[in-house]
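Chain A is the first sequence line, chain B the second, and so forth, proteins listed ahead of strands; every chain is numbered from 1.
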2 protein chains.
Amino acid sequence: MNDTPSPDDGAPVKVRKAERTRQRILDTSLRLFREVGYEATTMRRIATEAEVSLGNAYYYFRSKDHLIQEYYGQAHREHLVACRSLLEEETDLRARLAGVLHAKIATSEPYHRFAGQLFRTAADPTSPLSPFSPESAPVRTEATELMARIVDESETRVPKVLRPELPNLLWLYLMGIILFWIHDASEGAERTHRLIERTVDIVVRLISLARLPVLRPLVQTAVSLTQELRQLAAPALPEASS
Amino acid sequence: MNDTPSPDDGAPVKVRKAERTRQRILDTSLRLFREVGYEATTMRRIATEAEVSLGNAYYYFRSKDHLIQEYYGQAHREHLVACRSLLEEETDLRARLAGVLHAKIATSEPYHRFAGQLFRTAADPTSPLSPFSPESAPVRTEATELMARIVDESETRVPKVLRPELPNLLWLYLMGIILFWIHDASEGAERTHRLIERTVDIVVRLISLARLPVLRPLVQTAVSLTQELRQLAAPALPEASS
DNA sequence: GTCTATAACCGGATAGAC
DNA sequence: GTCTATCCGGTTATAGAC
């Protein structure tokens with residue numbers, strides 16, 4: 001993006017100030033999202049509380065939606081931190097998967113209400129906030145890599161048919177859990193945590209069962225489904241920008 | 001614009017006029033949704049083209065969203081009509097299921113763009129437009145009954161474990177197909193139709209496989225998942241009937 | 001050329017007169 | 001039941017400051 005010039009001499013004062021302004025707007029908006037939700041967080045309020053003008057906020061973030069992409073990134077980084085020790089110490093696949101999922105829900109909890117309202121926008125396939133959108137590709141890729149790591153560094157051996165697509169399938173599974181969580185009004189998302197416990201068993205079992213000939217067609221479908229989904233997300237439209 | 005006085009007795013002239021105004025707004029909005037999509041259809045434009053004032057449109061429909069519940073009902077009725085003969089003549093489960101799904105996509109096609117934008121709102125769990133919301137219960141129930149009919153009047157015998165929840169599972173499957181279709185930009189939704197062809201086989205096969213002991217836990221989870229979902233939608237609110 | 005501010009525009013929604 | 005006038009919030013245009 002911008003040059004980060006030498007830390008010592010005089011020039012970068014401006015740059016730094018801009019960076020600080022940007023950060024102030026970002027922090028303020030993330031705080032407001034948490035505290036008062038998505039709808040009550042107006043651009044005017046973000047600007048006021050960050051002590052910039054409305055127009056200035058728009059100088060740094062093209063739209064309210066763009067502010068949210070930042071939330072995605074931050075949420076993912078927090079998730080990684082929360083998972084770190086588990087992924088280093090645990091080798092059992094079931095425990096690794098369950099731990100990562102529980103951590104995702106737990107770290108997202110402060111944003112629960114926000115996520116619900118946000119989802120309204122994110123669900124629109126044409127929205128840049130859709131988890132399937134090109135704009136979300138970076139976070140999506142990172143999250144998928146996390147799924148790969150869960151499996152790769154575990155003791156479990158994955159049947160060949162599944163291996164290449166398993167991380168994507170697990171990412172879809174994570175999206176499903178998040179979708180459930182968004183709708184889950186129970187105390188401390190307790191229901192979602194129970195859902196994770198129950199479904200993780202099934203998922204791990206299915207990974208082994210994938211070897212069974214009876215299930216071959218099922219596995220094939222699941223695999224080709226993720227491929228199909230990827231194509232939906234990246235439709236070959238060389239489109240003139242409007 | 002001019003009164004068509006009551007054929008029978010005197011009183012209901014006003015009532016009829018109101019009904020006609022309401023209908024005019026509704027027709028105009030559904031037409032605009034089809035023709036120009038959701039976002040380009042402003043309340044101001046609906047009002048203008050229906051030849052009422054903006055405020056008057058809001059008198060009949062509390063919000064733009066409420067206009068859309070009307071679309072749901074209409075879409076379902078069109079679907080039923082499109083399925084009728086198939087359901088009367090065909091007895092093979094696979095053919096029945098595939099036919100009903102293809103018909104859903106086909107009858108929805110004129111509203112494809114609209115549905116994509118609409119989905120943005122419908123995905124919000126707090127929105128009355130969510131397919132899981134109490135407000136959507138009537139259409140949801142009808143659609144689930146349609147799923148029950150597909151199975152009940154077919155030749156296939158459903159394993160006991162599955163029987164009570166199968167219609168709900170199939171409804172969820174339909175929601176999944178619709179979700180895919182919303183993202184599907186291929187010509188004539190060709191991709192979605194292919195997806196239906198491929199997944200219907202799996203679904204029908206799974207219905208028989210549900211008997212296998214190895215799959216028992218999977219089936220259990222699927223069943224309890226639909227129950228869990230129903231609870232999410234209806235969080236123990238003892239509500240006064242309105 | 002980078003930043004900041006003010007004044008609009010637009011569309012959903014509401015208030016209140018008639 | 002119908003209207004006009006207005007609010008409110010996302011977004012843009014644009015003028016000027018550094």
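Residue A/Asn56 contributes atom CG, which lies 16 Å from atom P of D/dT11 at whole-angstrom precision. In this entry the distance linking CZ of A/Arg62 with P of D/dA13 reads 14 Å, nearest Å. At whole-Å resolution of the value, OH in B/Tyr38 and C1' in C/dG11 are 12 Å apart. Rounding to whole angstrom units, CD of residue A/Glu49 and P of D/dG9 are separated by 13 Å. Here the P atom of nucleotide C/dT6 and the CG atom of A/Leu54 are 10 Å apart, to the nearest Å. Remark: C1' of D/dT6 and CZ of B/Arg44 are 10 Å apart, rounded to the nearest angstrom. One atom, CZ of A/Phe61, and another, P of C/dT4, lie 12 Å apart when rounded to the nearest Å. At whole-Å resolution of the value, CE in A/Met43 and C1' in D/dT11 are 9 Å apart.
The phosphate of D/dG10 (OP1 or OP2) has no side-chain N or O of A/Ser63 nearer than 4.0 angstrom. For B/Lys64 and C/dG11, the shortest distance from a side-chain N or O to OP1 or OP2 is not below 4.0 Å. A sub-4.0 Å separation between OP1 or OP2 of C/dA15 and a side-chain N or O of B/Tyr58 is absent.
A heavy atom lying under 4.0 Å from DNA chain C marks none of the residues of residues 24-36 of chain A.
At least one side-chain heavy atom of B/Arg22 sits under 4.5 Å from a side-chain heavy atom of B/Phe61.
Only one option out of B/Tyr38, B/Trp181, B/Tyr71, B/Phe33 pairs with B/Tyr111 in a ring pair (Phe, Tyr, Trp, His ring centres under 6.0 Å); it is B/Tyr71.
B/Ser63 and B/Asp65 share no side-chain donor-acceptor pair at under 3.5 Å. Residues B/Thr107 and B/Glu78 have side chains that never bring a donor and an acceptor to within less than 3.5 angstrom of each other.
When heavy atoms are screened at a 4.0 angstrom cut-off, B/Thr42 is found touching the sugar-phosphate backbone but no base atom.
With distances taken from any side-chain atom of A/Tyr59 to the nucleotides C/dT2, D/dT2, C/dG11, the minimum falls on C/dT2.
Salt bridge B/Arg191/A/Glu228: present, at least one basic N to carboxylate O contact under 4.0 Å.
If you take CG on B/Leu80 and CZ on B/Arg149, they are separated by 8.0 Å, rounding to the nearest 0.5 Å.
Within a 6.0 Å radius of CZ in B/Arg31, other residues, nucleotides and ligands contribute more than 12 heavy atoms.
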